[in-house]
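The next block holds one structure in the form of structure tokens; read it before the comments.
The structure displayed is predicted, hence computed values, not measured ones.
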Amino acid sequence: MFTPVDKKRAFEAVVQQIESAIYAGEYAPGDFLPPERTLVEDFGVGRSTVREALRILESMGLVRTSPGSRSGPEVCGSVTPGLTRMLRGAVRMEEIPVVDLVQYRIIAGAAANRLAAHLRTDEHLERMEAAIEAMEAATDAAAFAAADDGFHVVVREAAGNRVLGMVGGVIQDATLDLVAGAVGPSAGASRMRREFIADHRRILAAIAGRDGDTAARLASQTLYDAYSGALDEEQRHRLAVLLEPDVRNSRDH
């Protein structure tokens, strides 16, 4: 199935062939690639080249290796974890400003809420309610932020768009510390916590009532209110332009 590769940057060619075979369905999730020795012979390269290629494929989330196993690497059922790691690394390495991350969350959050309002099931509503209850019961900022994250995970699932689920989760992870800071021990934090919970209950009510317009508007408003305090005036304006006119005017003044 595999063919010998050029020795120049051979590991890249090995990665490409195995990746193409997996995407083409020649190896299904749960299948095993040939053992390392067979791969060395098939590709006509050294053992170190094959190992480097397998490390890359594992970092991409395509395969799972087991040291000492006589079987070859196992093909994974989903590349989402690998994609999440790569996107998270890109966000950090590119030093993407917080305001850009929050802008994306406003755009994606409004879309997710609108879709969820029309596509949610009763099970989704029950899980959103459970997440809000976890926010109410949280005893520290980290637990509160994690429960908030859990609420939005369910919203994205209810929205039914897998791209929103993958990319939105990475961006939310990158802003979790801001949520924790907003509800951490400080003057006014208790009030902010109560407002967070009230906002989430309003969003849940809109989604339960299949009111997509209200659900989308609330996403934009609550995200702006949650993060604007950590930004300067110019950055706040960049967020405010994503709000509806009446809400934007009230926030700009």
Side-chain angles (χ1 to χ4, degrees), residues 1-97 100-101 104-105 107-109 111-112 115-116 119 124 127 146 149-150 152-177:
M1 178 178 294
F2 298 121
T3 59
V5 299
D6 191 315
K7 296 299 188 291
K8 185 177 181 180
R9 297 188 71 80
F11 73 91
E12 292 182 348
V14 173
V15 168
Q16 185 176 20
Q17 283 198 42
I18 296 177
E19 183 182 14
S20 296
I22 292 172
Y23 289 150
E26 296 171 15
Y27 290 97
D31 287 349
F32 290 89
L33 297 179
E36 184 181 282
R37 179 180 297 178
T38 304
L39 292 175
V40 167
E41 295 172 355
D42 288 348
F43 289 115
V45 297
R47 193 177 296 270
S48 61
T49 297
V50 168
R51 289 177 176 173
E52 176 65 18
L54 293 177
R55 277 195 293 269
I56 293 171
L57 290 163
E58 188 164 28
S59 73
M60 294 168 65
L62 287 174
V63 303
R64 182 184 303 109
T65 59
S66 300
S69 172
R70 293 185 178 181
S71 301
E74 181 182 3
V75 176
C76 296
S78 172
V79 300
T80 300
L83 176 61
T84 298
R85 285 194 298 272
M86 286 188 286
L87 282 173
R88 186 179 292 118
V91 165
R92 292 173 178 170
M93 287 189 66
E94 297 293 333
E95 297 183 345
I96 295 176
D100 288 8
L101 299 175
Y104 177 84
R105 280 201 63 185
I107 295 166
L115 286 168
L119 302 175
H124 289 130
R127 291 168 60 199
D149 179 65
H152 294 289
V153 166
V154 181
V155 170
R156 290 193 295 271
E157 287 181 15
N161 185 296
R162 295 181 68 182
V163 176
L164 274 176
M166 287 189 291
V167 181
V170 175
I171 302 303
Q172 181 141 335
D173 283 350
T175 51
L176 264 180
D177 57 337

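The two atoms that bring Ala53 and Val14 nearest to each other are CB-CG1, 3.5 Å, heavy atoms only. Considering all non-hydrogen atoms of both residues, Ile96 and Asp100 come closest at CG2-CB, 3.7 Å. Scanning all heavy atoms of the two residues, the minimum distance from Leu119 to Ala158 falls at CB-O, 3.5 Å. Taking all atoms of both residues into account, the shortest heavy-atom contact from Ala112 to Ala159 is O-CB, 3.6 Å. Pro29 and Cys76 get closest at one heavy-atom pair: CB-O, 3.7 Å. Nearest heavy-atom pair, Ala116 versus Val155, reported as atom, atom and distance to 0.1 Å: CB-O, 3.7 Å.
A distance of 4.0 Å separates CZ in Arg127 from CD in Glu157, rounded to the nearest 0.5 Å. In this structure, CG on Asn161 lies 8.5 Å from CE on Met166, to the nearest 0.5 angstrom. Between Glu52 atom CD and Arg9 atom CZ the span is 10.0 Å, to the nearest 0.5 Å.
For Asp31, there are no salt bridge (Lys or Arg N to Asp or Glu O under 4.0 Å) partners at least two apart in sequence or on another chain. When the side chain to side chain donor-acceptor pair (under 3.5 Å) test is applied to Glu36, the partners found at least two apart in sequence or on another chain are Arg47, Arg51.
Using modelled atom types, one finds a donor on one side chain and an acceptor on the other under 3.5 Å when comparing Gln17 with Thr3.
Contact of the Phe43 side chain with the Thr49 side chain is not registered, since no non-hydrogen atoms from C-beta on lie closer than 4.5 Å. For the pair Val63 and Tyr27, the minimum side-chain heavy-atom distance is 4.5 Å or more. A heavy-atom distance below 4.5 Å is not found between the side chains of Leu62 and Ile18. For the pair Thr65 and Leu57, the minimum side-chain heavy-atom distance is 4.5 Å or more.
Classification of Glu58 and Arg55 as a salt-bridged pair fails, no side-chain N sitting under 4.0 Å from a carboxylate O.
Annotation: Gln16, atom CD; neighbour count of heavy atoms from other residues, nucleotides and ligands within 6.0 Å does not exceed 12.
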